[in-house]
Structures are given as C-alpha cells and as structure tokens.
Amino acid sequence: MPEDLVVDEINRNIYFTDSVRKHLAVCSLTGDACSVLVSDIEQPRAVAIHHNKRLVLYTDWGSKPAIAMVAMDGSNKKDLVSDGLVWPNGLAVDEILDRVYWSDAKKDTIESIHMDGSGRMVILDTVAKHPFSMAVFEDSLYWSDWEMQEIVSCNKFNGKDFKTLVKEAGIRPMGITLAHPLLIQSGPPSPCVDSPCSHVCLPKPLPSTEFTCACPSHLVLDSAGTACEDSSLTSTLLLSTSTHIYSLHPQTIGLTSHKAIGSIPSPGLLTSLAANSVDSMVYVVNRGAEQILAMDRETGSVNPVMYGDQFGAISYDPFSNNLFWVDVHKMSVVVHSLSSSANMVAVSSTSSPLSMVFVPEKNRLVVGENGKISIVQLGNPDVQEIVSYKLSSPGSLVYSAQADAVFIGDAASRAIYRWDWGTEEVVPVLENIGEVVSMAVKDGLLYWVEKSGTSLLWISIYNSELSWLPINSIASPNDLLHLSLSGQDASANNSVNMACITAHCSHLCFNEDT
C-alpha cells in the first residue's frame with residue numbers, strides 16, 4: 001500500500017513508500033519502469049527529497065523508529081534521527097535552512113533538525129493532535145491533522161501563529177503538498193538527460209556527475225550496466241490457463257508484468273503443469289489431445305512425451321529425470337523415466353490421489369488424498385501417512401524449503417493448511433477463502449489461484465497478510481488455472497543427490513538419500 005510520494009523534477013523520477021511491501025521505491029516519470037531503492041523497511045511512512053544534496057529522506061515507525069536518508073541511487077543509507085521517536089509521520093525539507101521537519105503522531109509533536117544531525121528542536125508540543133502529512137514554505141509549516149480533521153499551519157521557527165486553514169465536517173485530510181513558482185526546484189544538473197538506461201536512471205551521489213541504471217525486480221543489468229535483461233539465476237512464476245502459459249512477475253512495481261511464453265496446440269485443454277528447476281522445460285497435460293507435452297519456455301518448442309486419457313496431476317524430479325503422474329483410471333501414481341521411457345506404479349490407493357508433489361530436497365513424493373497426505377520414498381514399501389479430518393479435498397500441494405513445510409490447498413474446506421516436515425499435525429494457515437486449485441512458493445511468498453477466479457493471491461509464509469493481483473487480462477472465470485515455478489537457483493539444491501543424472505539405468509533410477 002503506497003503511503004507517501006515525492007517527485008524529483010530534475011531527474012524525472014518519483015519516489016514513494018509502501019507499507020505492505022515494506023520498501024522505498026522509485027519510478028521513472030515516463031512510466032517505463034520502477035525499481036526498489038530500499039527494501040525491508042519495517043513500517044515506512046513519509047518521504048521527502050533534498051534536491052541540492054541529492055538525498056531522499058523517509059520515516060519508519062516500526063519497532064526501531066527512525067528518520068533515514070539515502071542517496072537518490074539507493075546508496076549511503078543512514079539514520080538522521082533514531083532516538084526520541086514513536087510514530088514519525090509527516091516529513092518536510094527546508095532546503096533554504098538545510099533543515100528537516102517531522103511530526104510524531106504518537107507524541108503529538110512537531111520537531112526539526114539540521115541535515116548534519118545537529119540543532120534538534122521542538123516546534124510544537126501536544127498542540128498538533130494527530131499530524132499526518134507536512135509541507136514547508138517560507139516561514140510557515142503546514143500539516144494535516146487526523147484527529148482535528150483539519151489543515152493547520154504555524155511559524156516554522158517557534159510554533160506561533162497557529163491557525164486553522166481548512167476544516168470541513170466529515171472530511172479527514174490526508175496527504176498535502178504545496179505548489180508555488182518559488183518551489184520549482186533548482187539543483188545540480190541531471191546526469192540522466194539522454195541517458196542510455198533502458199528502464200530507470202538514477203543520479204549518483206554528489207559530487208559525481210554520473211548516473212546509475214536500475215531495473216525492475218525480475219530483471220538484472222547487463223554487462224554494460226545500462227540495459228535490463230532476464231536473469232538465468234532467478235526463478236520465474238508460471239501461470240497456465242486452459243490454452244496458454246504465462247510468466248508472471250507479481251512483485252514487480254508499476255505496470256502489471258506478464259509475458260506469454262507458449263500455448264498448446266488445438267485441440268487444447270491444459271489441466272496440469274509442472275516446471276523444471278534445472279532447465280527451461282515445462283511439462284503439461286493436454287487433456288484436449290490426451291497427451292503430456294514437454295515445452296521449452298525459452299524456444300517455444302513443444303514435443304509429446306506420452307499419450308492417453310488417464311493423466312491427472314503431474315510432478316517432475318529434475319535430479320532423476322523422472323516424471324510422476326496420477327492415473328485417474330487405476331487410482332495410482334505412476335513414475336515415468338524420461339531417460340528410458342520405462343513406467344512403474346509408485347503408489348496404489350483405494351481412492352484416486354487428488355494431488356502430488358515430488359520434493360527433491362527430501363527425496364520424497366508427497367501425495368494428497370481424502371483425509372490424508374502420504375510421504376513416499378521410492379523403492380521403500382513403508383509409507384508415512386499424515387491423517388487429518390481437516391483434509392477434505394487436498395487438491396494442491398507445494399513444498400517450501402524456506403519454511404521446511406508442505407502447504408496444502410483444500411478446495412472443499414476452502415482453506416490452506418500447513419504440514420511442517422517431520423511432524424504429525426496439519427494446521428490451518430488461511431480459512432474461509434475460495435476453492436484453491438493450485439499453489440506455488442517463491443521468495444518466501446505463497447501464491448495460489450482459485451476456481452473461477454481471475455486473481456493471483458498470495459501471503460507471506462510467515463504471516464497471513466493477504467495481497468492479490470488481477471489477472472483478468474489473461475484469464476477468464478472459465479479457465480483452468482495452474483501455477484508452477486521454473487528456473488530455481490540450482491545452488492538451493494547443492495546437497496541433493498544427483499547420481500541418477502549420470503547413471504545408465506535400463507529402466508528406472510531413484511536417487512538414494514544423502
């Protein structure tokens with residue numbers, strides 16, 4: 001949720017704080033792109049600019065309240081004020097006096113300090129009842145007051161001449177700013193004029209006359225340092241509809257970022273999706289043509305792997321080159337070697353398995369059925385069962401190495417549950433939601449899609465703060481939606497046994513536990 005914003009007229013950028021994503025970000029005024037400047041701010045609120053010093057200031061009223069400043073390119077971050085603060089709310093910069101003014105909504109004070117950290121002084125104490133947003137012009141301070149529901153001003157030196165400027169019943173003033181010809185900023189010439197940056201150009205700290213280029217979160221700078229490009233070291237969230245596959249970048253700031261990476265040939269009805277964490281291959285079930293397809297998301301090439309009408313959910317183990325699929329007719333899970341084309345029944349059941357996921361980090365296959373999940377070691381007849389009355393229809397499973405847990409989407413219960421690896425209990429994560437049909441985990445966030453839904457939803461794996469992104473431009477309520485993660489950093493799997501990659505088994509190969 002954006003909290004506050006300020007415009008850098010000289011370098012043609014806009015800076016803003018976001019309290020949900022917990023960062024300070026910058027966007028080009030041309031709308032080309034945005035980039036995160038400072039991340040992991042506990043509770044960012046106000047933001048202001050000191051043009052002549054090329055500094056961005058912001059407030060954080062988290063557990064360690066502070067007024068911080070950072071260069072316009074995100075470097076040299078440090079706290080200007082870190083003591084005697086509770087809820088630093090409004091923020092204003094007086095470039096003439098080289099002072100910063102701020103309001104504290106908990107202490108009901110307005111204070112000021114020099115940019116070098118000296119000369120801190122209280123302008124008003126307990127007169128402002130809940131100051132929210134601030135501005136300064138000539139000899140006056142202006143701010144919006146939530147409790148009094150008014151816009152007020154006072155003398156910036158001593159707090160005198162306190163007066164109400166705007167007050168209207170039922171209206172709570174929020175952000176304020178001042179527009180005046182004298183406020184048209186002058187400052188060091190912009191090094192970003194006619195820059196070669198492909199996305200965002202940021203001026204380097206003074207006295208430098210150079211710039212640095214910045215990228216959206218899903219891209220990285222090329223070797224020349226000017227163009228943003230895809231990175232082979234980062235994972236990509238994939239979404240499949242009934243006929244197409246897209247890459248999604250929900251954490252990229254600015255315009256919604258998605259890209260079509262492939263479609264299945266007609267007759268097409270995509271009913272399951274499994275990405276590959278080692279290369280660019282993606283495996284899909286095309287129920288329309290009764291086949292499993294292998295699609296290269298980089299080249300777009302599509303090749304059949306198997307034919308039949310029995311394929312349900314699928315999962316892939318890149319370290320044994322085995323593809324797992326649910327046989328909806330025989331109510332079993334079958335493992336298929338992509339190296340030898342050999343098949344073997346991995347799990348037999350009295351009821352049809354509803355979901356499954358192979359977890360390379362654990363070398364285990366997790367299978368979801370009515371009332372339970374089963375943890376299977378291939379080649380071992382002993383199956384661990386986690387039985388729970390909560391699990392009515394566990395139709396989606398995903399493992400998070402970061403949480404060391406399996407998240408379970410249950411459509412019938414309209415809930416997401418969590419099973420911490422090695423425990424015996426399934427606990428609720430989120431309840432009273434839609435019918436979850438598919439999930440994925442990326443960068444500490446749990447994503448999911450719901451039946452007949454046209455939104456991508458997510459929460460942190462550490463809390464249940466819900467966020468969402470509309471995807472109705474690429475998905476309709478009639479689409480069958482699935483999520484998967486492609487191109488994970490291989491370093492995350494450096495302890496996984498990969499012996500099967502170089503083995504020459506005639507039929508099937510299963511890696512042993514490390």
Side-chain angles (χ1 to χ4, degrees), residues 2-17 24-26 29 37-38 41 44-61 65-82 84-85 87-105 109-124 128 131-144 151-159 174-188 190 202-203 205-206:
E3 288 283 341
D4 195 15
L5 60 85
V6 63
V7 175
D8 175 12
E9 306 98 325
I10 298 172
N11 299 289
R12 308 300 295 164
N13 290 320
I14 183 170
Y15 293 84
F16 66 95
T17 51
L24 171 67
V26 57
L29 280 178
L37 203 69
V38 181
I41 307 173
R45 234 301 293 157
V47 62
I49 284 178
H50 195 305
H51 293 82
N52 286 314
K53 292 184 179 293
R54 282 190 187 163
L55 291 174
V56 182
L57 296 95
Y58 64 91
T59 65
D60 177 5
W61 49 272
I67 298 172
M69 54 186 180
V70 63
M72 287 183 168
D73 66 350
S75 63
N76 304 332
K77 175 185 173 296
K78 64 179 181 179
D79 289 345
L80 177 63
V81 183
S82 59
L85 300 172
W87 290 351
N89 233 356
L91 192 64
V93 174
D94 188 334
E95 298 199 30
I96 305 299
L97 298 182
D98 213 26
R99 293 189 72 91
V100 177
Y101 297 84
W102 74 91
S103 59
D104 193 306
T109 59
I110 293 177
E111 298 184 63
S112 176
I113 198 169
H114 279 294
M115 286 293 296
D116 62 4
S118 66
R120 181 172 177 176
M121 59 186 294
V122 177
I123 308 298
L124 281 177
F132 182 73
S133 179
M134 292 191 70
V136 60
F137 179 59
E138 294 184 333
D139 291 345
S140 296
L141 281 173
Y142 304 85
W143 68 94
S144 57
I151 297 174
V152 292
S153 69
C154 74
N155 184 281
K156 71 180 182 182
F157 298 103
N158 52 32
M174 302 284 280
I176 64 170
T177 189
L178 279 165
H180 192 281
L182 293 177
L183 290 175
I184 297 176
Q185 296 296 336
S186 60
S190 174
L202 303 172
L206 293 172

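Just so you know, these numbers use all the heavy atoms, side chains as well, and skip hydrogens, waters and symmetry mates.
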Could you tell me if the side chain of Val81 sits less than 4.5 Å from the side chain of Ile113, heavy atoms only? yes
Flag side-chain contact, heavy atom, 4.5 Å: Val6 against Ile14: no
Beyond-backbone contact of Asp73 with Pro205, side-chain heavy atoms, under 4.5 angstrom: yes
Between Glu111, His114, Arg99, which is the residue that forms a side chain to side chain contact (heavy atoms under 4.5 Å, CB included) with Arg120? Glu111
With a 4.5 Å limit on heavy-atom distance, are the side chains of Leu57 and Val100 in contact? yes
Could you grab the distance from atom CG of Leu141 to atom SG of Cys154, nearest 0.5 Å is fine? 5.0 Å
In Å, rounded to the nearest 0.5 Å, how long is the span from CG of Leu24 to CZ of Phe16? 8.5 Å
Might you work through the side chain to side chain contact (heavy atoms under 4.5 Å, CB included) test for Tyr58 and Val38, ending with a clear yes or no? CA-CA 10 Å; Tyr58 64 91; Val38 181; 3.7 Å; yes
Should Ile110 and Trp102 count as side-chain neighbours, where that means a heavy-atom distance under 4.5 Å? no
Euclidean distance, Thr109 OG1 relative to Leu124 CG, rounded to 0.5 Å: 9.0 Å
For Ala68 and Asp79 the tightest heavy-atom approach is CB-OD1, 3.7 Å
Less than 4.5 Å apart, any side-chain heavy atom of Lys78 and any of Met69? yes
Could you grab the distance from atom CG of Leu202 to atom CZ of Arg54, nearest 0.5 Å is fine? 11.0 Å
Would a 4.5 Å heavy-atom cut-off, applied to side chains only, mark Ile49 and Met72 as touching? yes
Over all heavy atoms of both residues, which pair between His51 and Pro188 is shortest? Give the atoms and the distance, please. O-CD, 3.6 Å
Just by modelled atom types, is the Asn155 backbone N or O under 3.5 Å from a matching donor or acceptor in the Ser140 side chain? no
Any side-chain donor-acceptor pair under 3.5 Å between Asn89 and Ser103? no
Rounded to the nearest 0.5 Å, what's the gap from CZ on Phe137 to NE2 on His180? Could you check? 4.0 Å
Distance-minimising heavy-atom pair for Ala46 and Leu91: CB-CB, 3.6 Å
Basic-acidic side-chain contact under 4.0 Å: Asp98, Lys53: yes
Is the backbone of Ile176 close enough, under 3.5 Å, to the side chain of Ser133 for a donor and an acceptor to pair up by distance? yes
Show the numbers, then the answer: is there a side chain to side chain contact (heavy atoms under 4.5 Å, CB included) between Asp4 and Tyr15? CA-CA 8 Å; Asp4 195 15; Tyr15 293 84; over 6 Å; no
Derivation of the side chain to side chain contact (heavy atoms under 4.5 Å, CB included) call for Val152 and Tyr142: CA-CA 6 Å; Val152 292; Tyr142 304 85; over 6 Å; no
Atom of Leu206, atom of Asn52 and distance for their closest heavy-atom approach: CD1-O, 3.2 Å
Could you walk me through whether Glu95 and His50 pass the side chain to side chain contact (heavy atoms under 4.5 Å, CB included) check? CA-CA 6 Å; Glu95 298 199 30; His50 195 305; 3.7 Å; yes
So do the side chains of Trp143 and Val136 get within less than 4.5 Å of each other, counting heavy atoms only? no
For Lys156 and Glu138 the tightest heavy-atom approach is NZ-O, 2.6 Å
What closest approach, in Å, do Leu178 and Ala135 show between heavy atoms, and which atom pair accounts for it? CD1-CB, 3.8 Å
N-O pairing of Asp60 and Arg45 below 4.0 Å: no
Once rounded to the nearest 0.5 Å, what's the spacing between atom CG of Asp8 and atom OG of Ser190? 7.5 Å
